[in-house]
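Accompanying notes for the structure given below.
Lettering of chains follows the sequences in order, A, B, ..., and the numbering in each one begins at 1. When reading the values below, keep in mind they use all heavy atoms of this one structure, side chains included, and skip hydrogens, waters and symmetry mates.
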Amino acid sequence: MSQVRTRIAPSPTGDPHVGTAYIALFNKCFARQNKGKFILRIEDTDQDRSNKKSERDILNALAWMGLDWDEGPDRDGAFGPYRQSERGEIYSSHIDLLIERKKAFHCFCTRERLAEVRERQLKNKEPIGYDGHCLNLSEEEISKNLEQGLQSVIRMVVPDEGECRFEDGLRGEVRINWAQIDMQVLVKSDGLPTYHFANVVDDHLMNISHVIRGEEWINSTPKHVLLYEYFGWEPPMFFHMPLLRNPDKSKLSKRKNPTSIHYFRDAGYQPQSILNYLGMMGWSMPGSREKFSFEEMVSEFNIRRVSLGGPVFDIEKLDWLNGRYLREDLSDHEFWEQFTDWSFSQNRIEKIVPLLRDRVEKFSDVIPLVGFLFGDPPSISRESFNHSFLSATECLEILQLSIWELEKIEDWQRGLVENSLMSLAKKLNLKPKEFLFPLFVSITGKPISISVIEALAILGLDLCRARIRESMAVLGGLSKKNEKALTKKYRAMSE
RNA sequence: GUCCCCUUCGUCUAGAGGCCUAGGACUCCAGGUUUUCAUCCUGGCAACAGGGGUUCGAAACCCCUAGGGGACGCCA
């Protein structure tokens, strides 16, 4: 077999997700095991959502986890560029080829028309998808429309009968009827390719031999297989990994759980233990050994032994594993060194000291005052939220609204945190003192402490969100109905 | 709704037709070590989704049902 090449292809549209690290781990492991290469490609074809900060964060987070790559935007191999936004000419020459071969066509349908079609299909219980309206436009019509500057996209031609069969390396043959497959947009009206198109072109051009990705892609694999066929290319082997799950078994999501790698970093986990833990999701070391390094995983790995039930991401077990790393792998010296790097970095200390100096009379007052910045706050109960007039429900609402508001901050800084919360307080017609009460309890564990705005700024969104969520759970959580009402209220407030 | 995928203790998993009275780990409980706690050690609770086949023999293979998840975007 020619060289094994695998890739991780994150989209820089948000926080670095543990699911990305999970898939990256298996790709890198498989590549290493086969003496191949592991490539990182940035899929930034969504102009609205992609951003440089997210790209930087994802790259840093993967590197922090030990999941560094052989080729990528910052590490050129022979197959660059590794950022899809820099590969425009490649996509346009390839789409021309498909149009020439009549495997792709211009589509001038308006969004309104597409919405109508969808509605009709939904009502008639037909499969949902493009109805082929522009499939047979004449050359003249097309060039006329293009000259007039009508908005258009390019879609792929898909057979309307028969079935697509492809091999999944973990499941065996998968069959999907072509009737289920939509005439996917390949090039958007902004001229950029969609995932389905760019992904196939790039995987081929980058010589990717094995595509190891999440199960969510199974249903669109026929589109990809078809594109390989249209181009006359040999498709790679496909392996669809099970999806990481929330405790309620739904796909792991930040709405319900910490999913950002930043959270785990900020909460003081060891990157090796997270990596080890992810390696236990869907796979197990022969001999049922649970603590193992990446290198050990590489030497024992067998992708055929991946189990397919979606694994629940169980933080309790991660905690146990991480504890073992701390106890077993670090000398006292290393432990202290790493702990202080994590908690007492120069940058952090400079922010903290001014906050506490005026409030202490002796050094022994320091830890009780700001201990919550270095670890979990004192445990809180329902009673912790007793207030002269704010009810538990009101506290819950304030907390939820605060999360939503804080999540909108792109660049986490003190001033922005303050503005966002103070304007929220104003909209709620609450004095800052009242509004901040539940936040004080959630974040610091006490109704009175150093400035909670400062604390939020220092702790970062991920840790704060986790604490606020925990408090909400202590308070019994928002009912579905309340949450819905609150969502509505929030939307109205934001306008 | 349509299609696809999945299904072993609460959770992560072992299991390639007889080694299964189903093993390990987390959690929880009990006991031991320890001045306390934690660690550590010992023990315990706890699962093959259900029903049909195939087979001398099924957790494993096939079918049906149920349950869960995912996809159905000019997001990836």
Sugar-phosphate only, base, or nothing, as touched by A:V185 at under 4.0 Å among non-hydrogen atoms: sugar-phosphate
Intermediate values then yes/no, side chain to side chain donor-acceptor pair (under 3.5 Å), A:Q270 and A:Q338: CA-CA 10 Å; A:Q270 298 272 290; A:Q338 289 195 28; 3.0 Å; yes
Touch class at under 4.0 angstrom, heavy-atom based, for A:S220 against every strand present: nothing
Within 45° cone and under 6.0 Å: A:R155 NZ/CZ vs A:Y130 ring: yes
Between P of B:C26 and CD of A:E290, the distance in whole Å: 7 Å
Sugar-phosphate, base or nothing in reach of A:R213, heavy atoms under 4.0 Å: nothing
Check: A:W404 ring centre within less than 6.0 Å of A:Y490 ring centre: yes
Rounded C1' spacing from B:C20 to B:A16 in Å: 15 Å
Sugar-phosphate only, base, or nothing, as touched by A:E43 at under 4.0 Å among non-hydrogen atoms: sugar-phosphate
Pair partner, B:A16 [Watson-Crick or wobble, under 3.5 Å]: none
Atom-to-atom span, CD of A:Q184 to C1' of B:A76 - whole angstrom: 11 Å
Spacing of the P atoms in B:U33 and B:U42 (rounded, Å): 15 Å
Closest nucleotide among B:C5, B:G70, B:C74 to the A:R171 side chain: B:C5
For RNA chain B, the residues among residues 316-333 of chain A that have a non-hydrogen atom under 4.0 Å from it: A:E316, A:K317, A:W320, A:R327
Atom P, compared across B:G51 and B:C9: separation rounded to whole Å: 16 Å
Watson-Crick/G-U partner (both atom distances under 3.5 Å) of B:G1: B:C72
